[in-house]
Peer 1: 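Structure incoming, see below.
Order of the sequence lines sets the chain letters (A, B, ...), proteins ahead of strands, with each chain counted from 1. Note that the structure is a prediction, hence the values are computed from the model and not measured.
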There are 2 protein chains.
Amino acid sequence: MVPLAAAPSRRSGAGPAAPRAPGRAVTLRDVAAEVGISQSAVSMALADHPRIGQPTKDAVRAAAARLGYVPNSAGRALRAGRSSSIAVVVPNTGQHVFGHLYFMHLLVGVTAEANARDVALMVSTNPDESHGVAAYERVLRSRAASGAIVASASINDPNVKRMAEAALPVVLIGRFPHLPQAVSVGVDDVAGAEQITRHLVEEHGLTRIAHISGPLDHQQPVDRYEGFRAGLARSGRACTHSLAIGDFSEESGRAAARQILDSMTDVQAIFAANDEMAYGALLEIRARGLRVPEDVALAGYDDFGVSRLTTPGLTTVHVPAEDMGRLAAAQLFRLLDGTAPEPAQSVVPTRLVLRESCGPHAG
Amino acid sequence: MVPLAAAPSRRSGAGPAAPRAPGRAVTLRDVAAEVGISQSAVSMALADHPRIGQPTKDAVRAAAARLGYVPNSAGRALRAGRSSSIAVVVPNTGQHVFGHLYFMHLLVGVTAEANARDVALMVSTNPDESHGVAAYERVLRSRAASGAIVASASINDPNVKRMAEAALPVVLIGRFPHLPQAVSVGVDDVAGAEQITRHLVEEHGLTRIAHISGPLDHQQPVDRYEGFRAGLARSGRACTHSLAIGDFSEESGRAAARQILDSMTDVQAIFAANDEMAYGALLEIRARGLRVPEDVALAGYDDFGVSRLTTPGLTTVHVPAEDMGRLAAAQLFRLLDGTAPEPAQSVVPTRLVLRESCGPHAG
DNA sequence: CACTCCTGCTTAAACGTTAGAGCAAACGGG
DNA sequence: CCCGTTTGCTCTAACGTTTAAGCAGGAGTG
């Protein structure tokens, strides 16, 4: 059959850069009509198929560029059976500054890896802790994203468990020792907390020390508390310690500090499980007319960017959220490629960040 | 034709909750086979089409729930000609904490509005200021997202201009007075800067005052500088002022403060065009043994969450980024619905936030 | 010169969805 | 009892892509 010379007068001549009707997108068909070959030939030409002649390829590429052809992602996804995007699932967004920054760092890392693969990124929020079928499950089952990175799930989130069992392409952020089959990227919080605790005890000689923990149904606070106790034990010094529980919020940190300062009047140092609670503690300590670090030393955890800004600067443990995002994305791509990530559960190291809140640096 | 009683033994009986082969997604065909009707009937039943009988609808919904059917988004997008997601485009991610927080606030707002519409969110980054065809154009032309919200474009970004002219469904964050046809959501920075400037002058009597501006090829710094001058003029007092230019970074703010303190030794107040530069100025002032606010009062702009944490707390102008995100999304949806947003260029008001850095509050 | 093989394309099918057209049966009115 | 209307579904086509299969013509081989 004769190539049918394009549909009735869609393009007048061969004038360059005269895009179609505004609303209409340029498809393979348009490029094909432009070049005078079939649309599959165009597809193959753009894919650099060996069975397409070089002159044709050149002509196709020129025409595609001229018309501004961009492959329709829905068409591709449908044909391929998988979309070219991944999702990042963040919990209900009711958090505050510190939590925001965590996700932003994570996102930066994920984005970097996704960009390198030319993969689009979707951000999905888990409306509530248990809004029936979780958002990510809908995202995955609708094939809108071919894989997901789930940030900050509760230690016993039923969705997470089900997901891991269903072998969906999901990477969890955090340690999930109870789900060995799940692919996860966690932080070595035990080591991090131990390191900072030992710093307080061994370098600064502070042996009366309190810990403000987060809710103990999450792995992270559990690990940090464990590291705290391990640090005390391994310091080789006799320490007195106490524990108060917060919920990672500044206000709860302040309340916890209140409780500690009331009950342990000779406390020398407070180590909070995150910077936000540490900041709350700072406010409480100050409100009592005490000085940091002279009267009470203070340490936090996370270092997502604001612990630097307080006065005094907050000594803390740096959690490499950006690296974690990058690693999580890499693991997810391995999962999608079919190659099971070598250690399903990877753990990244932390870094002790010394500032002024723990006292003068040792010479 | 007889309904063909499902494909060979895919489901044994009617046992509930027995999902298909792990990898295979559940499609309309599966539900149709389960119920014993055609797939289009299933589609119509799920869409609550009036021409489908109630018993059939019930049966279909039950079967869909039982099998865990989730519509394939690629299929839908392809058929509908538009995807059910929108994109948020953020500039190259090389920014620091403050910038991160801005986007996070914005994202929270956009997410809220998108969730209400059951629309997915893509996050795309503009690799470089001019990476050939911009990321968002690819996203839009590939129909991966049906609209985009572009955060923080330069005042004379050629892509933005072209996009506005091409009438793509895009909402710009920021004021774009030169592009009247573009839909944008901006901040009333002139008013905000005027207000804080007048506060410094009128309430605190600080008449020797310097402004640290951002790069003047962006609308925001221009507006804030204009507001600064307007504030001085309208204060009704004779003021001496000076100007230094930074790039919104902490370090540049510090450098600008250095320049100001060197050249204007009797400066009483510094108003920086964002909190990050104000923090840099704070460091410089302190390094010189001067006190804030006793020796030099300080004010910033943005209030994305960290200006509260410094000591002294930073007096600043609150930019309602979350509201802007929500509004931008709403505008985008209006655009996609075909109803042109009433005022194409909307401007949200700011709020003065008084903290300690500007001096003691007037009783 | 007949044959095989290669080259370079075309045709067709499929992915999952939706919607308009079509059609059989039931139902009501005359 | 027959015809028109309504009801409730089925059939088909289309969205844009990729790819397997097919096919015409030319080149090379016997």
Peer 1: Can you check the A/Arg82 CZ to D/dT18 C1' distance for me, whole Å?
Peer 2: 15 Å
Peer 1: Heavy-atom count check: over 12 atoms from other residues, nucleotides or ligands less than 6.0 Å from B/Glu342 CD?
Peer 2: no
Peer 1: Measuring from the side chain of A/Ser38 (C-beta onward, heavy atoms only), which nucleotide among C/dT10, D/dA14, D/dG8 has the closest atom?
Peer 2: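 Minimum distance to the A/Ser38 side chain belongs to C/dT10.
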Peer 1: Can you tell which of D/dT12, D/dC9, D/dC15 lies closest to the side chain of B/Ser40?
Peer 2: D/dT12
Peer 1: Which nucleotide, D/dT18, C/dT17, D/dG8, lies nearest any side-chain atom of A/Arg76?
Peer 2: D/dT18
Peer 1: Counting side-chain heavy atoms from C-beta on, which of D/dT18, C/dT18, C/dC9 comes nearest to B/Arg79?
Peer 2: C/dT18
Peer 1: Calculate the interatomic distance between B/Arg29 atom CZ and D/dT10 atom C1'; express it in whole Å.
Peer 2: 16 Å
Peer 1: Rounded to the nearest Å, what distance is computed from the CG atom of residue A/Asn72 to the C1' atom of nucleotide D/dT18?
Peer 2: 13 Å
Peer 1: So, B/Arg138 and A/Asp118, do they make that salt bridge, N to O below 4.0 Å?
Peer 2: no
Peer 1: Write down the distance between CZ (A/Arg51) and C1' (C/dC6), rounded to a whole number of angstrom.
Peer 2: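 Going from CZ in A/Arg51 over to C1' in C/dC6 covers 7 Å.
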Peer 1: Could you state the atom-to-atom distance from CG of A/Leu28 to P of C/dT11 in whole Å?
Peer 2: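 Nearest whole value for this atom pair: 15 Å.
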Peer 1: Where each residue is assigned the nucleotide of DNA chain C containing its nearest heavy atom, which of A/Ile52 and B/Val70 is assigned the position nearer the 5′ end?
Peer 2: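 Per heavy-atom nearest nucleotide, the more 5' residue is A/Ile52.
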Peer 1: Are a donor atom and an acceptor atom from the side chains of B/Thr125 and A/Asn115 found within less than 3.5 Å of each other?
Peer 2: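 Side chains of B/Thr125 and A/Asn115: pair found under 3.5 Å.
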Peer 1: Tell me: CD of A/Gln39 to P of C/dT10, nearest whole Å?
Peer 2: 11 Å
Peer 1: Please state how far atom CD1 in A/Ile37 lies from atom C1' in D/dT18, giving the value in whole angstrom units.
Peer 2: 15 Å
Peer 1: May I ask you to decide whether B/Asp323 forms a salt bridge with B/Arg326, counting only side-chain N to carboxylate O separations under 4.0 Å?
Peer 2: yes
Peer 1: Base, sugar-phosphate alone, or nothing: which one does A/Gly81 contact when heavy atoms must sit under 4.0 Å apart?
Peer 2: nothing
Peer 1: Can you identify which nucleotide, out of D/dC15, D/dT17, D/dC11, has its nearest atom closest to the B/Leu78 side chain?
Peer 2: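 Between D/dC15, D/dT17, D/dC11, the one nearest the side chain of B/Leu78 would be D/dC15.
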Peer 1: Considering only heavy atoms from C-beta outward, does the side chain of A/Ile86 approach that of A/Leu121 to under 4.5 Å?
Peer 2: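 Counting from C-beta outward, A/Ile86 and A/Leu121 do come under 4.5 Å.
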Peer 1: What is the separation between atom CG on B/Leu46 and atom P on D/dC9, rounded to the nearest whole Å?
Peer 2: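 Checked: the CG to P distance equals 13 Å.
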Peer 1: Can you find a donor-acceptor N/O pair under 3.5 angstrom joining the side chain of A/Thr27 to the base of D/dT17?
Peer 2: no
Peer 1: Measure from the side chain of B/Ser43, starting at C-beta and using heavy atoms only, and say which of C/dC9, C/dT18, D/dT17 lies closest.
Peer 2: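 The listed nucleotide nearest to B/Ser43's side chain is C/dT18.
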